[in-house]
Protein chains: 2
Amino acid sequence: MHSSIFNIQAKHKRGDLVTVKGWVRTRRDSKSGVSFINLYDGSCFDSLQVVVPDNLENYQEEVLKLTTGCSLMVKGELVKSLGKQQSLELRAEEVLVVGWVDDPDSYPMSPKRHSLEYLREHAHLRPRTNVIGSVARIRNCISQAIHRYFNEQGFLWVASPIITASDCEGAGQMFRVSTLDFQDPARDEHGKVDFEKDFFGKETFLTVSGQLNAEAYACALSKVYTFGPTFRAENSNTSRHLAEFWMVEPEVAFSDLNESAELAETLLKAICRAVLAERADDLRFLSEYSGEDLFSRLDQLATMSFVHIDYTEAVAILEQAERDFEFPVFWGADLSSEHERYLTEQHFKAPVIVKNYPKDIKSFYMKLNDDGKTVAAMDVLAPGIGEIIGGSQREHRLDVLDARMDELGMNQEDYDWYRELRRYGTVPHAGFGLGLERMVAYVTGLGNVREAIPFPRTPRNASF
Amino acid sequence: MHSSIFNIQAKHKRGDLVTVKGWVRTRRDSKSGVSFINLYDGSCFDSLQVVVPDNLENYQEEVLKLTTGCSLMVKGELVKSLGKQQSLELRAEEVLVVGWVDDPDSYPMSPKRHSLEYLREHAHLRPRTNVIGSVARIRNCISQAIHRYFNEQGFLWVASPIITASDCEGAGQMFRVSTLDFQDPARDEHGKVDFEKDFFGKETFLTVSGQLNAEAYACALSKVYTFGPTFRAENSNTSRHLAEFWMVEPEVAFSDLNESAELAETLLKAICRAVLAERADDLRFLSEYSGEDLFSRLDQLATMSFVHIDYTEAVAILEQAERDFEFPVFWGADLSSEHERYLTEQHFKAPVIVKNYPKDIKSFYMKLNDDGKTVAAMDVLAPGIGEIIGGSQREHRLDVLDARMDELGMNQEDYDWYRELRRYGTVPHAGFGLGLERMVAYVTGLGNVREAIPFPRTPRNASF
């Protein structure tokens, strides 16, 4: 058995004989006749320094030819390191080259700083870099923290369907899923494509949200969450949009908007605490890389009380702001990113939860407030990113829901099963959605969701 | 704040004043003038018995009209229960009806035993039943155990892409993903559909496996796993097939087939131990429901050593079996379910790992053994289900991989990025796939994957 580099530093001591396996980051040869190899295996940010004496059998023939990216197995004894960064280094007694790098001069991950755009074009190799390795560990840390948090709070993880015949947001922009022959699909007597002949016997799409399905489970088992991929066929080339992204959607029965806001706050705090506790190594590197003080950023989110304001109040603040916004502010308009960031970064200098938006800019399923013109919706805004969570209390009164669907010209029959949740033992319930990649982009300071997922899907890009 | 029924039994004591919220399972009225209501909230298998005295204000008007499925908030004092099943019951001081059941006679989840087929047709309401509630809790328990296990072992959860332009198994039967107008798609000058105009600028499909992408991450970060939905557009209407199912795929660098077999065994054992430790309540019910002794089943998997045999040996055993198989057995044939179950249930009476299959019945990426005719593949077979895990060591030698792809007439260019993993610091690596729904169907004794996922997708069915 070999040891991971994380375990070397965490569990081993001077004098231990160990075997490690990993990839060469750099090699440096001293004049005194030893080589220093930085060996990396992804188990933590740091590499292990391997000291290779020139009396090893394959020193001349192999060790001196090692380049970045070569894979090695090294056996040796742990000794105290003279460097500051780590306490132990490995004095090699055997170096086995497992895999060479074909034509080192053209190796795409050569040891220099590559642009993030360049790395995206080599998404299969970019996890070998410091920056994307750190992102992968932090994404994992965040994801595990989310599961742990919900599990400890008694939530059940439920799988909402990916392929769906319904459209949660009522908003188009979905990917079609089909097995019909695209060149020459079956057609009915009117010449229309005959989806009756398709795999599912009807038109199907990739889901934009698991919420409606999660509601069915919350209205039976009280506390559930989904954590899975969702899709938008939007032609958006921005740092905040992906065609395929992972979303976390808790849904709680017997719950209202204020409880949901509290859940959002405690979840975000739990995530930040986990990253601070577990990934200080990566945060140190990424702070330097991005120029953002990520420790402060996370500490702020983990410890500050979130400000709660109503949309109406937010609009008043924005109207009085001594600043020209690109988009006009008035009661009834949706807040844009510049407004959100003004509120959280300039005005309150704290995370902000904006609640009770005008019904006309929000989805059909949100609970109508007693004023008849706002719904119990919320957006959670954080300094440095803006909106990070969106949620609402759901309309649990069948008559009000039906009236709203009528108003919007929606077909009740399409939502019969959803309406039945309100016919049989309906309960107030609420939930929200947290986009995982936005959270990862925020925590890592990289700011672009294309770095936050291993193989990003965007308009005209589904490589790898 | 209200208490979950799980917390009532786990953390509260006699005399505590509590509020609980949930749904009526049953109501029984005694002649002495009290009603007994079983209240369920999904937090555990058991309901809470609520004793409602007839002196409550709304006793005549409301309590006596409560039916299965009505939602309630109940305040009261916890008292010692006279029944055996639970230690505490709730003496109601206030019963608030939150939601009535519209036309109780037609309520689809009436308190009688419904067939599983009937429940599937009401997938939005079926989590309200004992059986599907138990499945949901066990599925969650298994999923959490999987994440916990990998996290503790230093694996990183990576997201493999759902939308893909490549076909991992080289096996067709994929769902197409597109935003082109199906009625009248853009066509090129030859009249062919012009996928250059599609969202991603090329043909795209739903993934059948995240393995190839996971390999890229393992070849950088050593130990990773995927846990997400995968898809097969197979027209299979069996108890073992879904068009959309969740798969867990660990991938480990510097690892071989035997280490992967060991990982599979320890993972399965960790899952079984977690379910035994955390969900005895649901296992008790499901054992009775299914007629299977699920405790023994899990205990066996958790404690017995798995038998390791070669495919060649397995074929010899089957050839000598005093039994007529429907499908013939000979070296070179794939094992069918009856063969697998004979090995694990009749011959060894233990979990079995069959290794080193003929290369012609396995995928292109599996490592060719030195005999030149078998590959380092494995299937893990368990009594009562047959194959539960399939895996392999991957071919990490570029020349051997290329030769195999040539043999199969595959286009190397389509796999350039995958081949580059072998050009740059290649390492032996191995992994496997565990189908979550098969595991859930096995652990719950229900035997059909359609019960193991909330909203199953099968040929001609994408409802809800």
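First the proteins, then the strands, lettered A, B, ... as listed; each starts at 1. In this text the structure is predicted, and so the values were computed from the model without any measurement.
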*Name the region of Glu437(B), side chain, backbone, both or neither, that has any atom closer than 4.5 Å to a heavy atom of chain A.*
neither
*Is there a side chain to side chain contact (heavy atoms under 4.5 Å, CB included) between Trp23(A) and Val427(B) once you walk through the steps?*
CA-CA 10 Å; Trp23(A) 291 267; Val427(B) 296; 3.9 Å; yes
*So which part of Phe150(B) gets closer than 4.5 Å to some heavy atom of chain A, the side chain, the backbone, both or neither?*
neither
*What distance do Leu156(B) atom CG and Ser143(A) atom OG have between them, rounded to the nearest 0.5 Å?*
10.0 Å
*Would you check if Pro454(B) and Asn213(A) make a side-chain contact, meaning some heavy-atom pair closer than 4.5 Å?*
no
_Contacting moiety of Ala452(A), where chain B heavy atoms sit under 4.5 Å_ = neither
*Between Phe200(A) and Phe175(B), does a ring pair (Phe, Tyr, Trp, His ring centres under 6.0 Å) hold up when you go through it step by step?*
CA-CA 11 Å; Phe200(A) 295 107; Phe175(B) 290 102; 5.5 Å; yes
*asked:* I need the minimum non-hydrogen distance between Pro127(A) and Ala216(B), along with the two atoms involved.
replied: CG-O, 4.1 Å
*Should Leu72(A) and Phe254(B) count as side-chain neighbours, where that means a heavy-atom distance under 4.5 Å?*
no
*Among Gly191(A), Gly201(A), Ala462(A), residue most engaged with chain B (heavy-atom pairs, under 4.5 Å)*: Ala462(A)
_Top contributor to chain B contacts, counting heavy-atom pairs under 4.5 Å, from Asp414(A), Val101(A), Asn151(A)_ = Asn151(A)
_Please classify the contact of Glu196(B) with chain A as side chain, backbone, both or neither, using a heavy-atom distance under 4.5 Å._
both
*Trp246(A) and Trp157(B) aromatic ring geometry - parallel, tilted or perpendicular at 30°/60° bounds*: perpendicular
*Should Arg176(B) and Leu180(A) be marked as a side chain to side chain contact (heavy atoms under 4.5 Å, CB included) after you check the CA-CA gap, both sets of side-chain angles, and the distance that decides it?*
CA-CA 8 Å; Arg176(B) 178 185 299 281; Leu180(A) 288 179; over 6 Å; no
*Any sub-3.5 Å donor-acceptor pair from Ser222(A)'s side-chain atoms to Asp41(B)'s backbone N or O?*
yes
*If you tally heavy-atom pairs under 4.5 Å against chain B, which of Gly22(A), Gly228(A), Gly133(A) wins?*
Gly22(A)
*Answer with side chain, backbone, both or neither: which region of Leu398(B) has an atom nearer than 4.5 Å to a non-hydrogen atom of chain A?*
neither
*Would you mind checking which part of Lys192(A) comes under 4.5 Å of any heavy atom in chain B, side chain (CB onward), backbone (N, CA, C, O), both or neither?*
both
_Between Tyr225(B) and chain A, with a heavy-atom cut-off of 4.5 Å, which part of the residue counts as in contact: side chain, backbone, both or neither?_
side chain
*Please flag which part of Phe6(B) lies under 4.5 Å from any non-hydrogen atom of chain A: side chain, backbone, both or neither.*
neither
*Hey, could you give me the OG/NZ distance between Ser43(B) and Lys223(A), rounded to the nearest 0.5 Å?*
8.5 Å
*Can you tell which part of Trp417(B) gets under 4.5 Å to a heavy atom of chain A, answering side chain, backbone, both or neither?*
both
*asked:* Under the criterion ring pair (Phe, Tyr, Trp, His ring centres under 6.0 Å), I'd like the reasoning laid out for Phe195(B) against Phe182(A): C-alpha separation, chi angles, the key distance, then a yes or no.
replied: CA-CA 10 Å; Phe195(B) 291 106; Phe182(A) 217 128; 5.6 Å; yes
*Would you mind reporting whether Thr458(A) and Phe199(B) have side-chain heavy atoms less than 4.5 Å apart?*
no
_At a heavy-atom distance under 4.5 Å, which candidate from Gly154(B), Ala220(B), Gly99(B) has the highest pair count against chain A?_
Ala220(B)
*Give, for atom NE2 of His396(A) and atom OG of Ser71(B), the distance between the pair rounded to the nearest 0.5 Å.*
8.0 Å
*Quick one: which of Tyr107(B), Trp100(B), Tyr217(B) has the most heavy-atom pairs under 4.5 Å with chain A, could you say?*
Tyr217(B)
*Closest approach of Ala136(B) and Leu221(A), non-hydrogen atoms and distance?*
CB-CD1, 3.7 Å
*Please look at Thr67(B) and chain A and tell me whether the side chain, the backbone, both or neither of the residue comes under 4.5 angstrom of a heavy atom of that chain.*
neither
_For the aromatic rings, using the six-membered ring if either is Trp, is the centroid distance between Tyr415(B) and Phe464(A) under 6.0 Å?_
no
*asked:* Run the side chain to side chain contact (heavy atoms under 4.5 Å, CB included) test on Asn140(A) and Val224(B) for me, step by step, so that the C-alpha distance in whole Å, both residues' side-chain angles and the decisive distance to 0.1 Å come before the verdict.
replied: CA-CA 10 Å; Asn140(A) 173 67; Val224(B) 303; over 6 Å; no
*Find the one option among Met109(A), Glu420(A), Arg139(A) whose heavy-atom pairs under 4.5 Å with chain B are most numerous.*
Glu420(A)
*Which bit of His2(A) is near chain B, if near means a heavy-atom gap under 4.5 Å: side chain, backbone, both or neither?*
side chain
*asked:* Quick check against the 3.5 Å criterion: does Arg148(B) have a side-chain atom that pairs as donor or acceptor with the backbone of Arg148(A)?
replied: no
*Checking Lys21(B) against chain A: side chain, backbone, both or neither under 4.5 Å from a heavy atom?*
both
*His147(B) side, atom NE2; Gln144(A) side, atom CD - distance, nearest 0.5 Å*: 6.5 Å
*Who among Asp103(B), Val98(B), Leu436(B) has the most heavy-atom pairs with chain A under 4.5 Å?*
Val98(B)
*Testing Val177(A), Ile162(A), Thr164(A) for side-chain contact (heavy atoms from CB on, under 4.5 Å) with Glu244(B), which one passes?*
Ile162(A)
*Phe205(A) portion near chain B, given a 4.5 angstrom heavy-atom threshold*: neither
*Heavy-atom distance under 4.5 Å to chain A: side chain of Ser160(B), backbone, both or neither?*
backbone
*Would you say Arg457(A)'s side chain and Ile163(B)'s backbone share a donor-acceptor pair under 3.5 angstrom?*
yes
*Side chain, backbone, both or neither: which part of Arg137(B) has a non-hydrogen atom closer than 4.5 Å to chain A?*
both
_Heavy-atom pair count under 4.5 Å with chain B, highest-scoring of Pro459(A), Pro456(A), Gly69(A), Cys70(A)_ = Pro459(A)
*Rounded distance [0.5 Å steps], OG1 in Thr179(A) versus CG in Leu206(B)*: 11.0 Å
*Could you have a look at Ser4(A), Pro104(A), Pro108(A) and say which one has the most heavy-atom pairs with chain B under 4.5 angstrom?*
Pro108(A)
_His124(B) NE2 to Cys219(A) SG distance, which is reported to the nearest 0.5 Å_ = 11.0 Å
*Using non-hydrogen atoms and a 4.5 Å limit, figure out which bit of Arg187(B) sits close to chain A: side chain, backbone, both or neither.*
side chain
*Where does Asn7(A) contact chain B at under 4.5 Å (heavy atoms): side chain, backbone, both or neither?*
neither
*Between Pro161(B) and chain A, which part of the residue has a heavy atom less than 4.5 Å away: side chain, backbone, both or neither?*
both
_Portion of Ala214(B) that has a non-hydrogen atom of chain A nearer than 4.5 angstrom_ = neither
*Could you walk me through whether Arg128(A) and Tyr424(B) pass the side chain to side chain contact (heavy atoms under 4.5 Å, CB included) check?*
CA-CA 11 Å; Arg128(A) 302 177 179 205; Tyr424(B) 302 128; 3.6 Å; yes
*Ile453(A) versus Ala159(B), closest heavy-atom pair with distance*: CG1-CB, 4.5 Å
